[in-house]
Amino acid sequence: MSVREMDIKADPSCTTNSLSNYLWSDPPDENKWADCVHCGMCLESCPTYEHTGQEQHSPRGRVHLIKSVAEGKLKVNEMFADPVFQCLDCRACTTACPADVDVGGLIEEARGQVRQAMPLTGWKGTVSKAILEGLFPHPNRLDSLGGLLKFYQKSGLQKAVRKTGLINIMPKHLVEMESIMPEIKESVRKKYKNENVIKAKGESKHEVSFLTGCVMDVMFGDINEATINVLTRNGNDVKIPKNQTCCGALHVHAGDRETGRKLAKQNIEAFQDSEKIIVNAAGCGCMLKEYPELFREEPEWHEKAEEFSKKVEDISKYLYDTGYEKPKAEINKRITYHDACHLAHGQGIRQEPRDLLLNIPGVEMVHMPNSDRCCGSAGVYNITNPEMAGAVLESKMENVPDDVEMISMGNPGCMLQMAIGVQKYGRNQQVVHTVQLLDWAYQKEDEGKEGK
Amino acid sequence: MAVKGLKTKDQHIINLANIVNSPRSILYQKEDLLAYDCDGFTIHKHLPRAVVFPKNTEEVARLVKYCHEHDLPFLARGAGTGLSGGAIPLNGEVIISLVRMKKLLSVDLENRRAVVEPGFVNLKLTNSISDKGYYYAPDPSSQYCCTIGGNVAENAGGAHCLKYGVTTNHILGLEVVMPNGEIIEIGANGIPDAPGYDLLGLLTGSEGTLGIVTKITVRILKNPEAKQTVLAYFDKVADGSQAVSDIISAGIVPAALEMMDKTAIEGVEAAAFPVGHPKDIEAVLLIEVDGISAGIDEQINEILDVCKKRNVREVKVAQDEAERGRWWANRKTGFGAMGAISPDYLVQDGVIPRSKLPIVLERINQISEEYGLRISNIFHAGDGNLHPLVLFDARIPGETEKALAAGSACLQVCADVGGTITGEHGVGIEKREEMRFVFKDEEIIAQTDIREVFNPKNLLNAGKLFPTPGRCVEIKKEMKAASTAAN
Amino acid sequence: MVTADLVNELKMILPEERIGENHELDHPLGNSGKVKVCPETEEEISKLLNYANLNGKTISVVSGGTKRGFGGLSENNDLLLSLENYKGIVEHTVGDMTLTVKPGTSFKELQDYLAKHNQKIALDPAWPEDATIGGIIAANESGPKRLGYGSSRDAVIGLRVVYPDGQVIRAGGKVVKNVAGYDMNKLFIGSMGTLGVLSEVTLKLRPLPKYESLILLSFPEGKSDEMKSFAVKLLDSMLEPVSLELLSPSLSEKLTGEKLYTLVIAFEDVESSVHYQEDMVKKMKPFEAKLEIYKREKAQEFWNAFYKNGPNGARSSSTNETEASLKVGVVNLDVLEIVRESELLRDSHNLVVEAHGGLGHGLCQIHVRGAIGDVESAIKHLRESAEKNNGYAIVKHLPYSLRQKVNVWGDNPSYFFLLQGIKSKIDSNGIMNPRRFVGGI
């Protein structure tokens, strides 16, 4: 890929191809669509094609449209934006493609063009700006929001809202989201803000840096805690670099590549002394690994991004590769595993998390058909495209085996969405992060030892 | 009821939308239609007038009737994975997309049949009955996404049709919307040999020019008890081809017998599913036998013997399902894998008598040199179905034309040795002119005569399958008409 | 035009020795012709048809004559085109396992020849000594082993057909996989010679099995439920029988000596596999059923006798009784009911009835013999049974006189207009086997 990126850098298609209707810098990469032979092997992997049956909502259809704009057959307008933004960015097509066409990359580049050609206006623009630019890049604001949510839950306000029927005037998908909001715990960045290094328990074998994530740390502080526990237990000193920020995935998905680049630069600098960067959110991990994509037109940063992305590792793969202590306590649960898109398709990590689960004594793994099918969360997709997200979720829930007690996965967005699914379809599974289960097994083991 | 929210004044579009009764079941704006300007064959492109998504047979029939009455050209489309351009709207057709008719209607294991709607995906049928030990035999490489309706139209084959036959051997019944909108049922209840001409056989492989299939009864098979897969590497391509003949001559009917040549090996090894084939061999054979467990080892031993006699460098049997899966993934993604060694490729689909394999491969080599383009060969050696892949770069001016000419030359070779121009991809737009390599004018007229019986207005998928009639064909037709009238 | 004039005109276009006045005009099976022509080349066939087409002469086509009683409402057409002398192997490519033959070649002759190369045509029609490959294809004949090997439509890969106007049209080719143009082969297979004359047939071959055996499994009266559940179990197993044919008690008695419903389960494979499957059947066998295994030659003897059963249009009947043969198509397992119904006709209609049917493919053959009225009534009865099961019944053999009364093809299908359209497109003057096929086409 990198060789081709160098080619395009020297020769951006918008300057050589006068027909192209991509008028801004950083346009979709010609070499990415050149590999597509329109064979259609991607069709069935695509959730939006599954639900619409329409080519323009399929991976090869989108690639075809993106190419058509470059060929001057289409303009960057609403009609083009629709299929490009309906994409869940789940990357299942990349897995299905025999020629490894980077559809996800093309979509993000196209979104960048759309957002520059037609900036969001009206309330959508305001909300988007407020959330993407005003909230996610600012950990302290997020923390405040977390605090607010915590207050909402603890104060009885949540009860009141539900009781008074105030909830009935909220849009349906927001109601669904409200109802599954996890209990807000303290974020690890707050908790460890005065520690430079969280030392390994026992002998230190490695040192790793931890990307806490923005949503993850606020909404799922306990998972970050679990991640740190698991890392330190296995001989890792854990650092939480101070200046780290939101990974930018949500911005890049939304076409705001400029903010994406800004955040990327901040992270690249924040982690420049790190040897290994551990991530427990698939979406973030995937984004970090794809930073070089953002800097196709900035050679200097491109190089830094390449270097940076090599250091990024998902927690499950890291544990699998470096070895970890097999827990001895039993967790007697029937568990099924959901492949987060950005773990399975985005990073090719499928077996490693399953291995973690299988190595916990007592765990009975139940196969989930189409386990690598998107759940419909897709970052903020479930907020921006609630109808499609709902349809995708429904298919997903049909695949969740009835008789399991837990659904394990490696991405916070999926966890929220799957929790909505469990609630909405009257199921009773607990939604957990893979690393949490491992942590629980360790804790149980330790409790057992203490008891003796 | 009139559908609201349409942004067009085209009365035909409005009327068609009313038939499918939803603004979401019709596409008519250029941006949406662009995605439908071609199928798996991308050299020709044309915009359709509209794309409609009927939900059931009645809607299909009403749409067709409307087009028939208003002289609107139309065609049916499934997943659009065809490799010969059969679903390309050459005449600005109204595309009737059958992808929303994708239900599995019934499965009758005792009587070994299933009824599906045309948009049902091939592999999903096997997936839905595999837990009971059954499967649907035709397995085109695109089976992951191609529809059974499309398979019927193209008479799709696959790697395992050497033993189990192609689509036509597995179709028991069809519900068809005729080009005038009338609904007929042939092979009612899936009972074979219905009295009358074999319309099932005629419709299967008619590339969507005789009617639109809306319901399909297929035969399903019990999984074989055992399966063994062998990989054999040959230093000389001639030895590999000879081994193919020897295996068949030994009285073995393998479930599949696939071959790849050196260039193809280079491609698959550079792509997404490499298995570590040696780079310096000239041919690899992938051989699969299935059947009763007690007899399999005997057949495998015989295959190993044959390979050894033909100077095989290395031959091995898959040790488990995972290894077998890797070997097949490597083979089945072979076309796409060419992307790894060439920006573009053109796949051909000739068939030759098996015994002509060595000489044909030699001739293809000469063509490659003559045109200065690399040609790799991935093919179903067992039934002589060759897929020469002409590698080229469309960005170099003139190279596309050169590739097309080289592909056509390969087909001429196949025809010359007593073979044919397409074994499973269909004629479509791509090989219309090459039809002349195997059929004389009268034989082509004999076929268009049949089309006239079914599709007299020729509104349904016109311009496919047959060469544009030459002057002499016209004259012959007139003469024929005159002689008929004289009687 | 008197017959002698016709003969004279024909002598202008064909060698004299090919042409003769037909002296067995009043054949009880009909489908004859006033002048018999036995062409020996495709060109002669072409000339003959072209002449007939231009002069409005109707033609009956015959080869082995085994199916002379199969359909047809003409006692005598103008010409009887016999392919009896147009025979022989055109090409056998051993390595390609393909065979091209002329239509008048007898099936047995072909199989005997191929056996020397350890190959065979994977069809098992009745009366292989008399039946010719052309007739088998034209009538779409198949036998019990259809379960394992398919039928004519699965074996034919290429045809040359002389069209009514004398043009030779090729369909398919010499390769086993072919989707160039419409699959025209299918149109002519089973078309009963109404569209043209098959002048060359190319078939794909299979290797002769290295070993074969058959299992006869007989069920006592009243055990039909056990029989059905055994059949279901067998079909649901991974065994690969090439036939699963049910014989009615009277047919079973004739072939095996046991007057019981009998399942004929044939295996053809390498020896170890066949024995393994025999053992499996032994294990699956219901307690009440009686099992016997015929190996190799004995199995072949059984089949030879099996194929020589039922009416044969080529051999004059030894009986004064009326003979009929029906083909009934139903959904696979409904074969049980059809065979049972047939057996009941023996007593209710005082007939000789021999029936068999394939549980894996749904086709039954029922031979009936007795008084003319009873035969007629039995046909009606069987057709009702078939239709009750959503199937069809056609009469494959019936004297000409009775064919005037009984519609041997049954009611026209809803898509009859297509059949008619095809016929009139190809044979616009209606010279080829007129009124031989469905709906009088």
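Chain identifiers are assigned alphabetically (A, B, ...) following the order of the sequence lines, protein sequences preceding nucleic acid strands; residue numbering begins at 1 within each chain. For clarity, every value in this text was computed on a predicted model and none was experimentally measured.
Residue B/Glu298 touches chain C through its side chain alone, counting heavy-atom pairs closer than 4.5 Å. For C/Leu208, no part sits under 4.5 Å from any heavy atom of chain B, backbone or side chain. Contact of B/Phe439 with chain C is made through backbone and side chain together, with heavy-atom distances under 4.5 Å. With a 4.5 Å cut-off on non-hydrogen atoms, B/Ser84 does not touch chain C at all. For chain C, the nearby part of B/Asn385 is the side chain; its heavy atoms alone come within less than 4.5 Å. Both the backbone and the side chain of B/Lys440 have a heavy atom closer than 4.5 Å to some heavy atom of chain C. B/Gln299 touches chain C through its side chain: at least one heavy atom from C-beta onward sits under 4.5 Å away, while N, CA, C and O do not. For a residue to count as touching a neighbouring chain, one of its non-hydrogen atoms must lie under 4.5 Å from one of that chain's; by this rule C/Val232 touches chain B with the side chain only. With a threshold of 4.5 angstrom between heavy atoms, B/His380 approaches chain C through side-chain atoms but not through N, CA, C or O. When heavy atoms are compared at a cutoff of 4.5 Å, B/Ala226 does not approach chain C at all. The part of B/Ile352 that comes within reach of chain C is its backbone (N, CA, C, O), which places non-hydrogen atoms under 4.5 angstrom from that chain. Of the atoms belonging to C/Ile394, it is side-chain heavy atoms, and not backbone ones, that fall under 4.5 Å from chain B. For C/Gln119, no part lies near chain B; criterion is any non-hydrogen pair under 4.5 Å. Residue B/Val166 touches chain C through its side chain alone, counting heavy-atom pairs closer than 4.5 Å. Residue contact with chain B, scored on non-hydrogen atoms closer than 4.5 Å, involves the side chain of C/Leu363 exclusively.
Interface check for chain C: of the options B/Ile248, B/Val427, B/Ile186, the most heavy-atom pairs under 4.5 Å are formed by B/Ile186. Heavy-atom pairs under 4.5 Å with chain C peak, among B/Glu182, B/Met435, B/Arg354, B/Glu185, at B/Arg354. Ranked by non-hydrogen atom pairs under 4.5 Å with chain C, the options B/Arg432, B/Lys132, B/Lys464, B/Arg451 are led by B/Arg451. Interface check for chain C: of the options B/Ile252, B/Leu465, B/Leu109, the most heavy-atom pairs under 4.5 Å are formed by B/Leu465. By number of non-hydrogen pairs under 4.5 angstrom with chain B, the leading residue of C/Thr93, C/Val175, C/Val438 is C/Val175. In terms of heavy-atom pairs under 4.5 angstrom with chain C, the leader among B/Ile296, B/Ile421, B/Ile450, B/Asp246 is B/Ile450. Between chain C and the options B/Gly384, B/Gly291, B/Gly133, B/Gly419, heavy-atom pairs under 4.5 Å are most frequent for B/Gly291. Contact tally against chain B (heavy-atom pairs below 4.5 Å) for C/Gly95, C/Ala180, C/Gly421: the top residue is C/Ala180. The choice from C/Lys174, C/His117, C/Lys327, C/Met184 that makes the most heavy-atom pairs within less than 4.5 Å of chain B is C/Met184. Highest contact tally toward chain B, considering only C/Val331, C/Asp154, C/Leu187, C/Val270, is held by C/Val331 [criterion: heavy-atom pairs under 4.5 Å]. Your options are C/Pro413, C/Ser414, C/Ser237, and the one with the most heavy-atom pairs under 4.5 Å with chain B is C/Ser237. For chain B, the option among C/Trp409, C/Phe417, C/Tyr276 with the highest count of heavy-atom pairs below 4.5 Å is C/Tyr276.
Taking every heavy atom of both residues into account, C/Lys177 and B/Thr420 meet most closely at O-CG2, 3.8 Å. Contact record, C/Tyr392 with B/Ile191: CE2-CG2, 3.6 Å, taken as the closest heavy-atom pair. Minimum heavy-atom separation, C/Ser272 to B/Gly295: OG-CA, 3.8 Å. In plain terms, the two heavy atoms of B/Val253 and C/Arg206 that are nearest each other are CG2-NH2, 4.0 Å.
In this structure the side chain of C/Leu418 reaches within 4.5 angstrom of the side chain of B/Ile184, judged on heavy atoms. Residues B/Thr168 and C/Lys186 meet the side-chain proximity criterion, which asks for heavy atoms closer than 4.5 Å. For the pair C/Ile169 and B/Glu442, the minimum side-chain heavy-atom distance is below 4.5 Å.
One distance of note links OG of B/Ser293 with CE of C/Met238; it measures 10.0 Å at 0.5 Å rounding. Atom CG of B/Leu203 is separated from atom OH of C/Tyr182 by 9.0 Å, given to the nearest 0.5 angstrom. Going from atom CG of B/Asp297 over to atom OG of C/Ser273 covers 11.5 Å, rounded to the nearest 0.5 Å. For the atom pair CG (C/Asn118) and OG (B/Ser249), the distance works out to 10.5 Å, reported to the nearest 0.5 Å. Separation of atoms CG (B/Asp383) and CG (C/Asn178) is listed at 11.5 Å; rounding is to 0.5 Å.
No donor-acceptor contact under 3.5 angstrom links the side chains of B/Asn189 and C/Asn390, judged on distance only. B/Arg113 and C/Asn332 share a donor-acceptor pair across their side chains, judged by distance under 3.5 Å alone. For the residue pair C/Asn140 and B/Asp193, a side-chain donor N or O sits within less than 3.5 Å of a side-chain acceptor on the partner.
Taking the six-membered ring for Trp, C/Tyr415 and B/Phe454 have ring centres at least 6.0 Å apart. The ring of B/Tyr197 has its center no closer than 6.0 angstrom to the ring center of C/Phe188.
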Report task. Dump the intermediate steps for side chain to side chain contact (heavy atoms under 4.5 Å, CB included) on C/Glu240 and B/Glu225, then the final yes or no. Result -> CA-CA 9 Å; C/Glu240 298 177 351; B/Glu225 189 186 40; 6.0 Å; no

Report task. Check the pair C/Val176 / B/Val351 against side chain to side chain contact (heavy atoms under 4.5 Å, CB included), numbers first and verdict last. Result -> CA-CA 8 Å; C/Val176 295; B/Val351 192; 5.6 Å; no

Requested in this report: Starting from the C-alpha separation in whole Å, work towards a yes-or-no answer on side chain to side chain contact (heavy atoms under 4.5 Å, CB included) for B/Ile292 and C/Phe267.
Outcome: CA-CA 11 Å; B/Ile292 298 297; C/Phe267 294 112; over 6 Å; no

Requested in this report: Test C/Leu239 against B/Lys222 for side chain to side chain contact (heavy atoms under 4.5 Å, CB included), laying out the working first.
Outcome: CA-CA 9 Å; C/Leu239 301 190; B/Lys222 188 76 189 176; over 6 Å; no

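For B/Thr422 (side chain) and C/Val179 (main-chain N/O), no donor-acceptor pair under 3.5 Å exists by modelled atom type. Looking only at distances, no side-chain donor or acceptor of B/Arg112 sits under 3.5 Å from a matching main-chain atom of C/His361. With hydrogens and angles ignored, the 3.5 Å screen pairs a side-chain donor or acceptor of B/Asn111 with a backbone N or O of C/Leu333. In this structure a side-chain-to-backbone donor-acceptor pair under 3.5 Å is missing from B/Gln447 to C/Gly181.
Within 6.0 Å of CG in C/Asp279 there are more than 12 heavy atoms belonging to other residues, nucleotides or ligands.
C/Lys210 has a carboxylate O that lies under 4.0 Å from a charged side-chain N of B/Glu302, or vice versa, which qualifies the two as a salt bridge.
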